[in-house]
Amino acid sequence: MDYNFNEIESKWQRYWRDNHTYRCSNVSDKPHFYVLDMFPYPSGAGLHVGHPLGYIASDIFARYKRLRGFNVLHPMGYDAYGLPAEQYAIQTGQHPAITTEQNIARYREQLDKIGFSFDWEREVRTCDPKYYKWTQWTFIQLFSHYYDTELDKAMPISHLVEKLERGEETTGDKPWSEMTEEERQDYLMGFRLAYLADIPVNWCPGLGTVLANDEVVNGVSVRGGYPVERKLMRQWSLRITAYAQRLVDGLEQVDWTDSLKEIQRNWIGRSEGAAVWFPLDIKANADVLPGAQAYITQGMPQPVPSFEIFTTRPDTIYGVTFMVLCPEHEMIEHITTPEQRAEVQEYVNWAKNRSERERQAEVKKVSGVFTGAFAVNPLTEERIPIWVSDYVLAGYGTGAIMAVPAHDSRDFAFARHFHLPIRQVVALDPHNLTDPETWEESMDAKTGYSVNSGFISGMKVKDAMKAVIDKIEEMGIGHRTVNYRLRDAIFSRQRYWGEPFPVYYKNNRPFVIPEECLPLCLPEIKDFKPTSTGEPPLGHATCWAWDEQNRQVVDNSRIDNVTVFPLELSTMPGFAGSSGYYLRYMDPRNDEAYFSREAAEYWQNVDLYVGGAEHATGHLIYARFWNKFLFDIGLSVKQEPFQKLVNQGMIQGRSNFVFRSKTDNNLFISKNIPGREENTDPVHVDISIVDDDVLNIEKFRAWMPEYANARFELEDGKYICGWEIEKMSKSKYNVHNPDDLVARYGADTLRLYEMFLGPVEQSKPWDTKGIEGVFRFLKKYWKLFENRTDTPAGKAELKILHQTIKKITDDIERFSFNTAVSTFMICVNDLTDLKTVSTDTLEKLSVLLAPFAPHIAEEVYHQLGHDTSVCTAQWPVCDEQMLVEDSFTYPVSFNGKMRFTLDLPVGISQQDAIAAVKADGRSQKWLEDKEPKRIVFVPNKIINIVV
RNA sequence: GCGGAUAUGGCGUAAUUGGUAGCCGCGCUAGACUUAGGAUCUAGUGGCGAAAGCCGUAACGGUUCGAGUCCGUUUAUCCGCACCA
């Protein structure tokens, strides 16, 4: 009988479902293991062959761990909130919930065909109220906590209030006791981990929403590619910056690739340095001081208005020749001299109205303006001019810098452009200085010695840094500090299809609804566009007000701002739902809590997380932050959520193009015809109507109406298409669908082939050609099984089996699934050479193969007489005795060059081995009767003789 | 510009971690079986050479008895960040 994968696969998929084979319990004596995939956003395009790559790898590992006796949690769910379904709703009016539901059904159907071992009873969907109840709950907790820098953890906001009441903590301008209730609320808002504030945001008019930093690349939105502008808006944010240090430190604990850790470190961008106060030169600025009086810094030795700068190079403070403020700096208007006012005003306005994209595109252009004001270098008491320029960013440090043009390339370019002085204060050779005015570039490296620098002259850069910081701390004009590039995460989206905020507004101030009233369900609306007044889509909801007394959502008409208040109109961003889903899988049906303490204690954290590296600065940072917060408030039991992380590579597509004439829309010119390049434009063509880059002309004409009358200029009677490796996408017509491959070769072949393509971590273009090879392997395995014998295995057979057990086990542990598939092929080839194979060997082999090709393994296992699933079998153990050799074939080399091989008994001594080499006739040619100068003998490795 | 990674036959890749480079598969060549196609099977397949042999892991150099593997310099490709003071 032939290998009938269709029958086998549908039979066992049904069996696994009916028998709940992959159901996983939270109660078990077995050791636990948690294997997680990044849950997908169910897009309308369905799965292509790239999506299952990571799922197959994690499925193999999960199945392997089960066979090794672990209780394995291997769940799957859907990241169901997202922009595409909502954009589709705007275009068609179809409710995103319906679109999402349909897409999920399609995903599930496709996933089921591949034979994954997910415990579907634990499925979660981020758009399910039973799930997002806990997303909202976490938001309430974030709102009700602040970061206590002394305890270095999140604490209830009431803890801060108590400290303020006891006077252990001071508020600055106005004491807590004198504040009104509203002033107190506003003050506390500056500490809450989820807070509302006017902040510059990435506003995307094309999508009608704000976006987080990781959702914007090169000034345009990741989704849709619309331009993004800077805008000041009142928005919810998460104070992720409070966790910056812990997010850096935590990277030491986890088993991730160095490159991914490095990406996160860069994103967090920790830099050590100093904060220094530069006082204004009061004499020079006499006429501009009045408004600046408000900037007298607390704790300064003299009550002089000053501004704070941040520097990583305190050692260069003697080289400061000017200061620069960012255009948004609030002190500009108070210090600018009347003569400079018009010019400064104009510059600030120009900078403000520049789009983010323009600013980034013109980074190399130097611009700026002098304020007319001067500051005093606190160490040299020198008078230094204050400038404004947009190369200083408002969002980093204090938005003000001390410029050291000799040792900072940006300051250097600025100084050159405006003819400001450049003073060298660091030199590799202190006795051999050159005139900085002749330099072509600044000397930025943190090496060498300080020069022209008062008390630090002659010190090494590193020592000088420390000395300067010590000095400014002693003088009370600054201190040692750490700055992070990481920004707080903007948490509001002016969108419909997301989690509603459990927030209502009383006197314009936000209040959270009581936890017991969750979930606050997303209201129905008919129009998914922003309202005519520019409010988010939830502005269309008619029943979206909070009755404080009766604790329920009521009709908008009842809003009186006494007992009934308006609810928040923004919704949460995509990362809200995905930041804690891995925890919910541990206890997904719990209605009393996010997840029980027992479940968390049992599963701890994710042992193996598989997914794409594109989430490095998004999901993988947010989830770590989320988890650390839940750890602080006693829910999560581990600081780091994902112990080991494997990034699967991206499967790219190979697109085909036809070349359409620029002058004649119906004419297509074959690739290699001279002049084709100048006279045509490439147009994507569906890869299914191209074979080996040769276009099927009939199918092309039938493909789309606009091509019905296409004419062609052929070469050798064929139309040759162009090709390119691109991202696999529906719009590029280069998608390979897993369903087609499953129908043609079966799921087991698809699984094996995806693994066989190469290391899981590597990106590569999809190429279906080689799939026949693994299909052939399964057919050979099946044939082997049909020709089995009941006689016990011989020595040769046992050796092959145990070699395979050893190698496969090792390959899986190393996550090297491509070599594992090769190992299987070698094994089956070797066994085929033996003519017959024992049932015992086949049974063990079926267990080894079960993680990779579960359907055929299950069929073989059952036909060999088992009535339980191969998933519950025991992983075979390698009997090392079987692999012991009595002789080893030594490569014998002379002067490092291999000359011949020699079979010698295992365990032979060096003396005997050398004697054997000398006795061998072939060695005479190389020895030439000379005594060897040196002999290298590595048992079971090599014999090398140096003559 | 800064940071990270990668580089091996016509192609995807492998190499017990410093010990016979090219396993396994695709493709290709020849043959067997078939009316034919498909499927299957056998043999061959890094380059040069009739052969012995020589050369060969992006390039150059180094360490070593021995380097794809370790070190240095360079080149190319991919990814991340990008006025972050």
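Letters A, B, ... are given to chains in the order of the sequence lines, protein chains preceding strands, and every chain is numbered from 1.
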Closest to the A:D390 side chain, choosing from B:rC83, B:rA14, B:rC54: B:rC83
Is the distance from OP1 or OP2 of B:rG25 to the nearest side-chain N or O of A:N829 less than 4.0 Å? yes
With a 3.5 Å limit on both atom pairs, tell me what B:rA5 is paired to, counting Watson-Crick and G-U wobble, or say none. B:rU77
Choosing from B:rA14, B:rA85, B:rU20, which nucleotide comes nearest the side chain of A:P759? B:rA14
May I ask you to decide if the ring planes of A:F575 and A:Y622 are parallel, tilted or perpendicular, using 30° and 60° as cut-offs? parallel
Considering only atom P, compute the distance from B:rC65 to B:rG10 and round it to an integer number of Å. 34 Å
Distance in angstrom units between A:R654 CZ and B:rG12 C1', rounded: 14 Å
Selected nucleotide, minimal atom distance to A:I942 side chain, candidates B:rC41, B:rG19, B:rC24: B:rG19
Using a cut-off of less than 4.0 Å, is there contact between a side-chain N or O of A:K897 and OP1 or OP2 of B:rC55? yes
Measuring from the side chain of A:M825 (C-beta onward, heavy atoms only), which nucleotide among B:rC41, B:rC24, B:rC65 has the closest atom? B:rC24
A:F414-A:F418 aromatic ring centre distance below 6.0 Å: yes
What are the atom names and distances for every N/O pair under 3.5 Å that joins the protein to nucleotides 74-80 of chain B?
none

Are any of A:K779's side-chain N or O atoms less than 4.0 Å away from OP1 or OP2 of B:rU40? yes
Distance check, P atoms only: B:rG72 and B:rA21, in whole angstrom units. 26 Å
Determine, stepwise, if the pair A:S893 / A:I943 fulfils side-chain contact (heavy atoms from CB on, under 4.5 Å). CA-CA 6 Å; A:S893 50; A:I943 302 169; over 6 Å; no
Side-chain donor or acceptor of A:T398 paired with backbone N/O of A:E308 under 3.5 Å: yes
Nucleotide B:rU40, atom P - distance to CD of A:E772 in whole Å: 7 Å
Indicate, with a heavy-atom threshold strictly under 4.0 Å, whether A:K806 touches base, sugar-phosphate, or nothing. nothing
Choosing from B:rA14, B:rG12, B:rA85, which nucleotide comes nearest the side chain of A:V392? B:rA85
Which nucleotide in the set B:rC54, B:rC24, B:rA85 lies at the smallest distance from any side-chain heavy atom of A:F756? B:rC24
For atom CD1 of A:I384 and atom P of B:rA85, their distance in whole Å: 20 Å
Checking all strands, does A:V404 fall into the base, sugar-phosphate, or nothing category for heavy-atom contacts under 4.0 angstrom? nothing
Please check: side-chain N/O of A:R624 versus main-chain N/O of A:L247, any donor-acceptor pairing under 3.5 Å? yes
Considering only the P atoms, how many Å lie between B:rU40 and B:rC48, rounded to the nearest integer? 31 Å
Using O4'-C1'-N9-C4 for purines and O4'-C1'-N1-C2 for pyrimidines, with syn meaning within 90° of 0, is B:rU17 syn or anti? syn
Quick note, A:I826 side chain, CB onward, closest among B:rU20, B:rG19, B:rC24 is B:rC24
Would you say A:R776 reaches B:rU40's phosphate, i.e. side-chain N/O to OP1/OP2 under 4.0 Å? yes
Going by purine N1 to pyrimidine N3 plus the second Watson-Crick contact, or the G-U wobble pair, all under 3.5 Å, which nucleotide sits opposite B:rG22? none
Output the single nucleotide from B:rG19, B:rA85, B:rC83 whose closest atom is nearest the side chain of A:Y391. B:rC83
In whole Å, measure the gap between the P atoms of B:rG56 and B:rG22 for me. 15 Å
What contact category does A:T823 fall into here, base, sugar-phosphate, or nothing, at under 4.0 angstrom with non-hydrogen atoms? nothing
What integer number of Å spans the C1' atoms of B:rG19 and B:rC70? 14 Å
Once you apply a heavy-atom cut-off of 4.0 Å, does A:R899 come out as touching a base, just sugar-phosphate, or nothing? sugar-phosphate
Take the angle between the ring planes of A:W439 and A:H407 and call it parallel below 30°, perpendicular above 60°, tilted in between. perpendicular
Can you tell me how far C1' of B:rA85 sits from CG of A:N483, to the nearest Å? 9 Å
Ring centres under 6.0 Å, that's the criterion: do A:F775 and A:F777 meet it? no
Test: A:E441 and A:R416 ion pair at under 4.0 Å: no
Which heavy atom of A:C827 sits nearest to which heavy atom of A:L845, and what is that distance? SG-CD1, 3.8 Å
Short side-chain N/O contact from A:R485 to OP1 or OP2 of B:rA82, under 4.0 Å: yes
With RNA chain B as reference, determine whether A:L486 or A:T819 sits nearer its 5' end, using the nearest nucleotide of each. A:T819
A:D315 vs A:S450, side-chain hydrogen bond (donor to acceptor under 3.5 Å, both in side chains): CA-CA, chis, key distance, verdict: CA-CA 7 Å; A:D315 60 304; A:S450 286; 4.8 Å; no
Partner of B:rA67 by Watson-Crick or G-U wobble geometry, both contacts under 3.5 Å, or none? none
When rounded to whole Å, the CD1 to C1' distance for the pair A:I800 and B:rC24 reads 16 Å
How many Å lie between CG on A:D833 and P on B:rA43, as a whole number? 9 Å
Searching all strands shown, indicate the nucleotide that pairs with B:rG27 (Watson-Crick or G-U wobble; both distances under 3.5 Å). B:rU45
Does any nucleotide pair with B:rA32 by Watson-Crick or G-U wobble geometry, both distances under 3.5 Å, and what is it? B:rU40
Tell me whether A:R485 forms a cation-pi arrangement with A:W267, defined as NZ or CZ under 6.0 Å from the six-membered ring centre and within 45 degrees of its axis. yes
Under a 3.5 Å cut-off for both distances, is B:rA82 Watson-Crick or wobble paired, and to whom? none
Between A:E272 (CD) and B:rA85 (P), how many Å, whole number? 12 Å
Please measure how far the P atom in B:rA15 lies from the corresponding atom in B:rC24, and state the result in whole Å. 14 Å
Using a cut-off of 4.0 Å on non-hydrogen atoms, how would the nucleic acid contact of A:V938 be classed: base, sugar-phosphate, or nothing? base
Can you tell me whether the base of B:rG9 sits syn or anti, using the 90° cut around 0 to define syn? syn
Could you check whether A:K933 gets within reach of a base, just the sugar-phosphate, or nothing at all, counting any heavy atom under 4.0 Å? nothing
Compare the minimum distances between each of B:rG12, B:rG66, B:rA85 and the side chain of A:N944, then state the nucleotide with the smallest one. B:rG66
What is the distance, rounded to the nearest whole Å, between atom NE2 of A:H407 and atom P of B:rC83? 23 Å
